[in-house]
Each structure stands twice: as C-alpha cells, then as structure tokens.
Amino acid sequence: MIDAAIPDFLLALPAGTRTPCHGRGELYIHPIRSAPTKADTVEAKALCAQCPIKAACAEHAIRHGETDGIWGGLTPAERRARRRPDCGTEPGWRSHLSLGQSCLTCREAHDDRLREQRLKRLEHEHATHGGSLAGYRLERLLGLPTCVRCRAVRQEYYAARPQPRRWHRHGQGSAAA
Ligand code: SF4
Ligand SMILES: [Zn+2]
Ligand SMILES: [Zn+2]
C-alpha cells in the first residue's frame, strides 16, 4: 500500500493504531526496482498478516483494480485471480451461479441477453426456413404467439411420425375386488 491517497478502508483502523505497512512502503512498491524482490514480498505479506484491516485492504485493491504492489497480503497476480467479474455481465452471472449466489441485476441482464439471442435465432429460422420446429419452440419459449408457418411444419411433422405402439398389461382386472 502507498500513503499518497487515504482510502476509505483505512477509516476502519482502530484509533491510535497504525497499519503494519506504515513507513515500510518500499516493501510494497519499491521506489526504484520495477519488480519487488522475493524477500520483500515475503516480508510485506508477513506484515499484512498481522494487519487488522487486511480483508478490507485486499477488497479495496481488488474493487479498484489496483495493478501494483501488495495489498491485503495479495500480490497483483493473486488479486487478479480473485477479481469478481462485474455485475450485469455474463461472466458475473456465471460467477454467482458457481458460488450459489443470487443477484437480481445479473439474472435480469442474463434473461435480457437470452431473450435477445432467442429473438435473433427465431428471426434466422423464419428467414431461412419460413417456418420450422425450432421456430415453434422458440416462439413458445419467448411467450410469443406461434406463427402459422411454424405451426404448419409442426403439424406435418407429427402427422408423419409413426404412432407410438400401445402396450397393454395382462392379468389385471380379474384379481381386483
Ligand atoms: S493489509 Fe497490508 S498493505 Fe493493507 S493496510 Fe494492512 S499492512 Fe498495509
Ligand atoms: Zn451480480
Ligand atoms: Zn414462426
């Protein structure tokens, strides 16, 4: 962490205390070396491990996409790996799903995208085939009235299909009281 701007999460620090990184900025972002040494990183992480606001510090850096230095005990690569995709995007929706979370913003955005995709596919079905079974299914999924051409294809399809064989069970009826 660097001392240039005071981020909000530092306000959670108990009064009269300092963060373990205070005055040790060179371990976190070295003024000359572009990459930290392994020893600096190990020491910086050890200091962060004792910090009362470690989780908030990491969260702040991840949320703000801080690219340099150690924050909350995490290196830039470790922060990138933990970065949650933005809400409202497909990766955001998938990330909630994998964590078993529900998010209204992501679900609504996902549903909107799904609807758009289905509308496009329906348009394509109509343009290429006139009417089709897939078109009929899409119309039902989209809650639209089914069109005459898709209905006709579907009726033809079911009329041409062999009737399923009916099975009868034997030996029933006589034993019933
Ligand atoms: S977690 Fe580490 S970088 Fe963040 S304030 Fe604490 S000691 Fe400093
Ligand atoms: Zn979300
Ligand atoms: Zn149709």
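Here the structure is a predicted model, which is why all the values come from computation and not from measurement.
- In this structure, CG in Leu10 is found 6.5 Å from OG1 in Thr19, a value given to the nearest 0.5 Å.
- Between atom CZ of residue Phe9 and atom NE2 of residue His64 there is a gap of 10.0 Å, rounded to the nearest 0.5 Å.
- Within the 4.5 Å cutoff, side-chain heavy atoms of Leu122 are placed close to those of His126.
- Between Glu26 and Arg24 there is a side-chain heavy-atom pair separated by less than 4.5 Å.
- For CZ of Arg137, the number of neighbouring non-hydrogen atoms (other residues, nucleotides, ligands) closer than 6.0 Å is 12 at most.
- Of the possible polar contacts, one joining the Glu78 side chain to the Thr75 backbone as a donor-acceptor pair under 3.5 Å is found.
- A donor-acceptor pair is defined here as one N or O able to donate and one able to accept, closer than 3.5 Å; no such pair exists between the side chain of Arg83 and the backbone of Gly65.
- Put simply, the side chain of Tyr28 does not reach to within 4.5 Å of the side chain of Asp68, judged on heavy atoms.
- Arg115 contributes a side-chain N or O that, together with a main-chain N or O of Leu142, makes up a donor-acceptor pair within less than 3.5 Å.
- By the 4.5 Å heavy-atom criterion applied to side chains, His60 and Trp71 are counted as neighbours.
- For residues 88-99, the side-chain hydrogen bond (donor to acceptor under 3.5 Å, both in side chains) pairs, not counting sequence neighbours, are Arg84-Ser95, Glu90-His110, Glu90-Arg113, His96-Gln101.
- Atom SG of Cys21 is separated from atom CG of Leu27 by 9.5 Å, given to the nearest 0.5 angstrom.
- Thr17 meets the side chain to side chain contact (heavy atoms under 4.5 Å, CB included) test with Leu13, Pro14; sequence neighbours excluded.
- Taking CZ of Arg79 as the start and CD of Glu59 as the end, the distance is 12.5 Å to the nearest 0.5 Å.
- Partners of Glu108 by side chain to side chain contact (heavy atoms under 4.5 Å, CB included), not counting sequence neighbours, listed by chain and number: Leu104.
- When every heavy atom of Cys48 is checked against every heavy atom of Gly73, the shortest pair comes out as SG-N, 3.3 Å.
- Annotation: side chain of Ile62 is in contact with side chain of Leu74 (closest heavy-atom distance under 4.5 Å).
- For the atom pair Leu138 CG and Arg140 CZ, the distance stands at 12.0 Å (nearest 0.5 Å).
- In this structure the side chain of Leu144 reaches within 4.5 angstrom of the side chain of Leu119, judged on heavy atoms.
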* Asked: Could you go step by step and tell me if Val153 and Tyr136 meet the side-chain contact (heavy atoms from CB on, under 4.5 Å) rule?
  -> CA-CA 9 Å; Val153 172; Tyr136 182 88; over 6 Å; no

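- Using a cutoff of 4.0 Å between basic side-chain nitrogens and carboxylate oxygens, Glu125 and Arg118 are not scored as salt-bridged.
- Within the 4.5 Å cutoff, the side chain of Thr67 has no heavy atoms near those of the Pro76 side chain.
- Using a 4.5 Å heavy-atom threshold, the side chains of Ser102 and Arg107 count as separate.
- Listed here is the closest heavy atom pair of Cys57 and Gly72: SG-N, 3.2 Å.
- Across all non-hydrogen atoms, the minimal contact from Cys87 to Cys106 is CA-SG, 3.5 Å.
- For the atom pair Thr128 OG1 and Glu123 CD, the distance stands at 10.0 Å (nearest 0.5 Å).
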